[in-house]
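In what follows, a structure is listed as structure tokens, so that the remarks can point back to it.
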2 protein chains.
Amino acid sequence: MNRRNTPTKEAVLNLLLSSRKALSQDAIERQLDIEINRATIYRVLNRFCEDDIVHKIVAEDGKQYFAICKKCEDQPEVVQHHFHFRCLSCDSIECLQVPVEYSVPNGYEVQNANCVLTGTCNDCS
Amino acid sequence: MNRRNTPTKEAVLNLLLSSRKALSQDAIERQLDIEINRATIYRVLNRFCEDDIVHKIVAEDGKQYFAICKKCEDQPEVVQHHFHFRCLSCDSIECLQVPVEYSVPNGYEVQNANCVLTGTCNDCS
DNA sequence: TGTTTTATTGCGAATAAGTTGCAATAATAC
DNA sequence: GTATTATTGCAACTTATTCGCAATAAAACA
């Protein structure tokens with residue numbers, strides 16, 4: 001299943017790269033100049049996730065948001081789990097450079113972390 | 001808007017009290033002996049949330065799960081934000097007694113935290 | 001105890017997010 | 001240039017949650 005380069009893929013990737021925020025499918029659809037089908041956007045995004053180009057966050061609104069996997073300065077090798085911040089005022093989600101730290105009971109094995117803080121961001125407070 | 005006691009409310013509350021896990025609407029509906037309408041279950045649960053009897057978790061499946069606000073031994077006054085664990089094997093969500101710790105950039109104000117770790121629980125590993 | 005008030009419920013319909021099957025299109029390899 | 005098959009668009013579908021409305025039933029009160 002080799003990947004192909006398409007205008008759609010390019011457009012979505014560029015949008016995500018230029019965005020400071022995590023974007024939902026409908027935000028992406030709105031912000032793109034070219035018209036791309038809803039289902040296609042999801043498929044492109046999910047492929048990006050499979051390829052670890054993008055990570056998916058699910059917020060308390062139950063919606064999926066997608067953000068480029070930027071590597072943290074301190075740990076260039078790993079894109080570790082970090083907190084996300086959802087501002088209720090401007091309704092945007094961004095990645096914080098704050099690693100998620102936790103311990104789990106014996107026998108538990110963590111594969112993923114989905115952590116979203118909610119409140120008011122600097123721009124809105 | 002005074003609250004009234006109803007069989008429905010009782011039943012849902014007792015179920016949540018007796019459950020070690022956070023429950024979704026459909027899990028509650030399935031586990032109850034009495035027949036309660038879907039919309040009603042949601043309304044009861046949301047009222048519990050408003051009254052801080054129950055807290056809501058949204059998992060990466062986008063679904064809402066509800067759990068009794070048990071107070072942690074260490075900080076009996078406050079039900080502080082804690083991690084949740086979702087086991088992909090037995091598909092259940094539970095509250096961990098692990099507080100969520102974080103810092104946020106200047107000017108950010110956190111009102112809530114929704115943190116779910118995903119993986120395999122002790123029973124399934 | 002009977003009556004009134006209004007919170008709660010059930011029902012059905014609506015909404016919204018995300019997925020899927022399928023046929024058409026278009027990258028890429030040869 | 002042709003063949004292969006990844007990608008796309010479309011429409012339909014699924015699933016979770018919400019909402020309006022009329023009926024019901026707690027709770028307060030006479």
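In what follows, chains are A, B, ... by sequence order, proteins preceding strands, each numbered from 1.
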Exercise for the section: Could you check how far CG of A:L45 sits from P of C:dG18, rounded to whole Å? Expected result: 10 Å
Handout entry: Pairwise side-chain contact, B:Q25 with B:R38, heavy-atom cut-off 4.5 Å (strictly under)
Key = yes
Problem - DNA chain D: 5'-proximal contact among B:N2 and B:G62 (nearest heavy atom) - result: B:G62
Exercise for the section: Return yes if a side-chain donor-acceptor contact under 3.5 Å exists between B:H55 and B:H81, otherwise no. Expected result: no
Exercise for the section: For B:T6, report the nucleic acid contact type (base, sugar-phosphate, nothing); a contact means any heavy atom under 4.0 Å. Expected result: sugar-phosphate
Completion exercise
Whole-Å distance, B:D91 CG to D:dT15 C1', equals 14 Å
Problem - Whole-Å gap separating C1' (C:dT6) and CZ (B:R3) - result: 13 Å
Exercise for the section: Determine the contact category for B:T8: base if any of its heavy atoms lies under 4.0 Å from a base atom, sugar-phosphate if only primed atoms, P, OP1 or OP2 are that close, otherwise nothing. Expected result: sugar-phosphate
Problem - Selected nucleotide, minimal atom distance to A:N37 side chain, candidates D:dT17, C:dA17, D:dC10 - result: D:dC10
Handout entry: Upstream residue (5' side of DNA chain D) when B:R43 and A:N5 are each assigned their closest nucleotide
Key = A:N5
Exercise for the section: Let me know the distance between CD1 of B:I28 and C1' of D:dT17, rounded to the nearest Å. Expected result: 14 Å
Fill in the blank from the handout: A:D61 CG to C:dA16 C1', in whole Å, measures 11 Å
Exercise for the section: Tell whether B:R47 reaches the base of C:dT8 with its side chain through a donor-acceptor pair below 3.5 angstrom. Expected result: no
Practice task
Could you check how far OH of A:Y42 sits from P of C:dT20, rounded to whole Å?
Solution key: 13 Å
Problem - D:dG9 base / A:R38 side chain donor-acceptor hit below 3.5 Å - result: no
Problem - Nearest-angstrom distance from the residue atom CD1 of B:I41 to C1' of C:dC11 - result: 14 Å
Practice task
Ignoring hydrogens and angles, state whether a donor on the side chain of A:Q64 or A:S24 is under 3.5 Å from an acceptor on the partner side chain.
Solution key: no
Completion exercise
Quick note, B:R4 side chain, CB onward, closest among C:dA27, C:dT8, C:dG21 is C:dT8
Exercise for the section: Nearest whole angstrom, please: distance from the P of C:dA16 to the CD of B:Q64. Expected result: 16 Å
Exercise for the section: Hey, could you give me the CD1/CG distance between B:I68 and B:L15, rounded to the nearest 0.5 Å? Expected result: 9.5 Å
Exercise for the section: Spell out, as yes or no, whether a donor-acceptor pair under 3.5 Å connects the side chain of B:S125 to the backbone of A:Y108. Expected result: no
Exercise for the section: Classify the nucleic acid contact of B:N46 as base, sugar-phosphate or nothing, counting any heavy atom under 4.0 Å across all strands shown. Expected result: sugar-phosphate
